[in-house]
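The first residue of the sequence shown is numbered 1, and numbering continues consecutively from there.
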Amino acid sequence: MTVILYDTTLRDGTQREGISFSMDDKLKIARRLDRLGIAYVEGGWPGSNPKDMAFFERASELRLKQAVVTAFGSTRRAGVAPEDDANIQALVTAGTPAVAMFGKSWDLHVLHVLNTTLEENLRMIADSVRYFKTLGREVIYDAEHFFDGYRANPAYALQTLAAAAEAGADVLVLCDTNGGSLPSTVADVVTTVQRATTTPLGIHAHNDGEMAVANSLAAVEHGAVHVQGTINGYGERCGNANLCSVIPALKLKMSHDCVTDKQLRALTEMARYVSGLANLNLYPHQPYVGNSAFAHKGGMHVNALVKCEESYQHMDPGLVGNHKRVVVSELSGKSNIAYKAQEFGLELDESSEKARQVLQHIKELENQGFQFEGAEGSVELLIRRTHADYAVPFELLDFHVLVRNSHNGHMAAEATVKVRVGDQVIHTAADGNGPVNALDVAVRKALLPFYPGLADVHLMDYKVRTLNGGAGTAAQTRAVITSTNSHRTWSTVGCSPNILEASWQALADCLEYALLPGVAPAEDEELALLPVMEGATAAETAKICLGNRCIEDSALPSHKLARQFLALLHLVDPLEERLQEGRTLINERLDSFSPQEPEILRAVRDRARKKLPLSLPGH
């Protein structure tokens with residue numbers, strides 16, 4: 001059976017507290033939803049605010065291949081003809097081929113919210129649906145509060161559906177607007193409604209009882225063929241049915257056609273893309289698409305997983321574009337250590353004494369306050385250091401950090417370090433804008449003559465957490481540093497009652513990890529060929545070159561920083577085959593790039609200058 005997917009991220013999703021998509025954000029998300037295989041993209045309520053009206057004015061720019069842009073609104077007001085109702089006319093002006101119109105199903109709302117009669121409400125529904133059908137529009141009728149209305153007055157709730165169906169509604173969507181229904185209730189009601197109408201049924205579930213996905217699937221099991229929801233479950237209060245869970249469940253668990261296999265593999269990327277535009281971290285434990293959705297920590301679990309992947313995974317994570325992960329902690333077994341070693345390209349027998357020693361060492365460190373789940377750089381170093389042929393690239397012999405008030409009233413920091421590299425001892429000092437920064441600068445100053453590749457290593461994140469707050473300023477602290485060299489990104493950890501020592505441990509691991517084979521890009525590394533766009537004219541062509549490889553396109557923005565970023569983008573994102581999809585996606589990337597976040601760009605630029613001449617004609 002084919003199930004129609006209807007996305008309301010751009011309307012219902014934006015009603016989540018803290019979300020406000022810009023106009024360009026909404027256009028980008030609509031394009032991505034189209035590529036994901038969504039049949040209907042609800043763009044907003046044109047009668048409610050200027051931004052939504054402007055979205056529909058620009059919707060023709062989208063050139064969608066599959067999705068139908070849909071405008072959302074209410075039935076006419078009591079006592080007002082559709083031709084004279086401002087909200088109805090805003091829907092008309094939106095010009096979409098389909099409209100989603102909600103009407104009241106619950107007599108409580110009719111009598112005490114609309115303050116009208118039950119009979120007038122039926123006329124409001126029928127008149128509004130009929131009006132849009134005479135205009136040649138597809139009408140998706142959302143029966144608001146249907147399950148609550150059915151529970152309170154089943155006969156009247158069914159009458160509201162009949163009014164919409166007889167007026168020509170193309171689909172009747174049963175809404176669990178308050179989100180309090182259970183799957184058994186949804187199943188019974190959908191079954192009853194299906195017997196009473198021949199119009200296709202849909203489901204719109206909210207998540208106030210943590211049942212939105214289950215209720216959506218229960219509705220499909222009992223006859224619904226149209227499912228509404230949002231990406232990542234965004235929505236008012238507790239959110240809406242999460243399409244990132246509904247879609248794989250429909251396709252993989254229930255064998256319903258809704259998206260292609262290729263589109264399904266883009267689901268994880270879609271979830272991350274929308275969360276990024278929403279300025280929200282994607283919940284790591286979100287089913288199917290979360291970073292921890294296929295993460296394995298317990299030693300017994302990993303032991304079984306190595307032997308048989310389906311033993312502790314309900315599906316192949318690659319089907320939704322995700323991947324399995326094995327994390328290391330005090331709960332790990334030797335299988336975790338052996339698996340991670342294999343992942344790092346190292347040989348380590350699970351039954352060996354070396355594996356036992358690494359595991360014991362990790363458990364001892366985690367007992368002290370270290371946490372290795374998010375610090376795989378430190379985990380790899382722990383394993384490598386057990387190998388007899390591993391040579392530590394440098395050793396910190398001593399450091400001294402001074403923080404003082406400078407003459408202009410600002411705090412200043414100075415660090416002095418003594419480092420051994422081979423048989424040489426280097427003594428350096430440096431200033432910084434804080435004690436950790438000063439320490440970092442001083443150590444790099446000592447190491448750069450020996451390891452020039454460290455110039456490419458840049459800090460992305462630095463977090464410090466107090467582990468036993470009751471101890472006040474004497475508490476044990478954990479420091480986690482995330483770094484990149486524009487070739488790879490890694491995190492390392494340190495832990496100590498002394499915040500500087502904890503920071504140094506993480507920093508030292510960070511720099512040591514950067515020197516591992518395969519972490520730094522090889523000097524003769526081949527760069528992927530950038531695509532040359534079609535349709536450029538000689539008179540208008542913008543041209544960007546890396547060495548003898550060039551990209552030309554008349555539609556490229558001329559802003560120097562953006563053009564530079566475009567030319568180097570594939571060095572940051574090794575999965576940038578998506579550039580092949582053409583000009584639209586390139587410009588999306590440029591639109592989302594923020595010049596206020598220069599760290600990664602600077603790292604890439606510095607590396608590119610050393611490896612290939614960068615040519616930006618005309619600038």
Engineer: Cut-off 3.5 Å, no hydrogens considered: what does the side-chain donor-acceptor table look like for residues 274-288, sequence neighbours left out?
Structural biologist:
unit_1, atom_1, unit_2, atom_2, d
S275, OG, A271, O, 3.3
S275, OG, R272, O, 2.9
Q286, NE2, N232, OD1, 3.1

Engineer: In a check of side-chain hydrogen bond (donor to acceptor under 3.5 Å, both in side chains) between H204 and each of D142, N215, D12, which one passes?
Structural biologist: D12

Engineer: Using a strict cut-off of less than 4.0 Å between a Lys/Arg side-chain nitrogen and an Asp/Glu carboxylate oxygen, indicate whether R76 and E83 qualify as a salt bridge.
Structural biologist: no

Engineer: To check you understand the geometry: which heavy-atom pair defines the closest contact between L172 and A164, and what is its length?
Structural biologist: CD2-CB, 3.9 Å

Engineer: Is the backbone N or O of E144 less than 3.5 Å from a side-chain atom of S105, with the two atoms forming a donor-acceptor pair by type?
Structural biologist: yes

Engineer: Heavy atoms only: give me the nearest A169-T199 pair and the separation to one decimal.
Structural biologist: O-CG2, 3.6 Å

Engineer: Could you walk me through whether E42 and I140 pass side-chain contact (heavy atoms from CB on, under 4.5 Å), step by step?
Structural biologist: CA-CA 11 Å; E42 188 176 272; I140 298 162; over 6 Å; no

Engineer: Any side-chain heavy atom of D34 within less than 4.5 Å of one from V41?
Structural biologist: no

Engineer: Taking atom CZ of F55 and atom CG of D25, what is their separation to the nearest 0.5 Å?
Structural biologist: 11.5 Å

Engineer: Report the distance from atom CG of N178 to atom CH2 of W106, rounding to the nearest 0.5 Å.
Structural biologist: 6.0 Å

Engineer: Using a 4.5 Å cut-off on heavy atoms from C-beta on, say whether the side chain of R137 contacts that of M101.
Structural biologist: no

Engineer: With no hydrogens and no angle check, just 3.5 Å: does a side-chain donor-acceptor pair link S22 and D24?
Structural biologist: no

Engineer: I need the minimum non-hydrogen distance between D84 and R77, along with the two atoms involved.
Structural biologist: O-NH2, 4.1 Å

Engineer: After noting the C-alpha distance and the side-chain angles of L217 and E221, does the key distance pass the side-chain contact (heavy atoms from CB on, under 4.5 Å) rule?
Structural biologist: CA-CA 6 Å; L217 300 179; E221 281 186 323; 5.6 Å; no

Engineer: If you count the non-hydrogen atoms of other residues, nucleotides and ligands that lie under 6.0 Å from NZ in K253, is the total more than 12?
Structural biologist: yes

Engineer: State whether the side chain of Y156 and the backbone N or O of L118 hold a donor-acceptor pair below 3.5 Å, judged by distance alone.
Structural biologist: yes

Engineer: Does the pair D261/K251 count as a salt bridge with the N-to-O cut at 4.0 Å?
Structural biologist: yes

Engineer: Write down the atom of M23, the atom of A54, and the distance for their closest heavy-atom approach.
Structural biologist: CE-CB, 3.4 Å

Engineer: Can you see which heavy atom on I88 is nearest to which on P82, and at what distance?
Structural biologist: CG2-O, 3.5 Å

Engineer: Between Y6 and H226, what is the ring plane arrangement, given parallel below 30°, perpendicular above 60°, and tilted in between?
Structural biologist: tilted

Engineer: Would you compute the distance between atom OG1 of T75 and atom CE of M124 and round it to the nearest 0.5 angstrom?
Structural biologist: 4.0 Å

Engineer: Between N207 (side chain) and A212 (backbone), is there a donor-acceptor pair under 3.5 Å?
Structural biologist: yes

Engineer: Keeping T116 on the side-chain end and N121 on the backbone end, is there a donor-acceptor pair under 3.5 Å?
Structural biologist: no

Engineer: Can you measure from OG1 (T8) to CD1 (I231) and round to the nearest 0.5 angstrom?
Structural biologist: 11.0 Å

Engineer: Going from CE on M270 to CD1 on I38, what distance comes out if it is rounded to the nearest 0.5 angstrom?
Structural biologist: 7.5 Å

Engineer: How about E120 and T117: does a side-chain donor come under 3.5 Å of a side-chain acceptor?
Structural biologist: no

Engineer: Would a 4.5 Å heavy-atom cut-off, applied to side chains only, mark P97 and E138 as touching?
Structural biologist: no

Engineer: Does any N or O in the side chain of Q263 come within less than 3.5 Å of the main-chain N or O of T260, such that one atom is a donor and the other an acceptor?
Structural biologist: yes

Engineer: Side chains of V225 and V3: does their closest heavy-atom pair fall under 4.5 Å?
Structural biologist: no

Engineer: For H206 and T177, work out which heavy atoms get closest and say how close.
Structural biologist: CG-O, 3.6 Å

Engineer: Would you check, one step at a time, whether the test side-chain contact (heavy atoms from CB on, under 4.5 Å) holds for V171 with I4?
Structural biologist: CA-CA 11 Å; V171 61; I4 303 301; over 6 Å; no

Engineer: Between P200 and D170, is there a side-chain heavy-atom distance shorter than 4.5 Å?
Structural biologist: no

Engineer: So, T14 side chain and R11 main chain: donor-acceptor pair closer than 3.5 Å or not?
Structural biologist: yes

Engineer: Side chains of L267 and P248: does their closest heavy-atom pair fall under 4.5 Å?
Structural biologist: yes

Engineer: Could you tell me whether a side-chain N or O of S181 sits under 3.5 Å from a main-chain N or O of T185, the two making a donor and an acceptor?
Structural biologist: no

Engineer: Any side-chain heavy atom of L161 within less than 4.5 Å of one from T197?
Structural biologist: no

Engineer: Are any of the side-chain nitrogens in K26 or D52 under 4.0 Å away from the carboxylate oxygens of its partner?
Structural biologist: yes

Engineer: Give, for atom CG of L36 and atom CZ of R31, the distance between the pair rounded to the nearest 0.5 Å.
Structural biologist: 16.0 Å

Engineer: Please walk me through it: do L10 and F72 pass side-chain contact (heavy atoms from CB on, under 4.5 Å)?
Structural biologist: CA-CA 11 Å; L10 303 183; F72 175 86; over 6 Å; no

Engineer: Is a donor on one side and an acceptor on the other found under 3.5 Å between the side chain of N49 and the backbone of M53?
Structural biologist: no

Engineer: Verify the neighbour count for atom CD of E210: are there more than 12 heavy atoms of other residues, nucleotides or ligands below 6.0 Å?
Structural biologist: no

Engineer: Strictly distance-based, threshold 3.5 Å: is any side-chain N or O of K104 a donor or acceptor partner for the main-chain N or O of G149?
Structural biologist: no

Engineer: Under 4.5 Å between any side-chain heavy atoms of T482 and T489, yes or no?
Structural biologist: yes

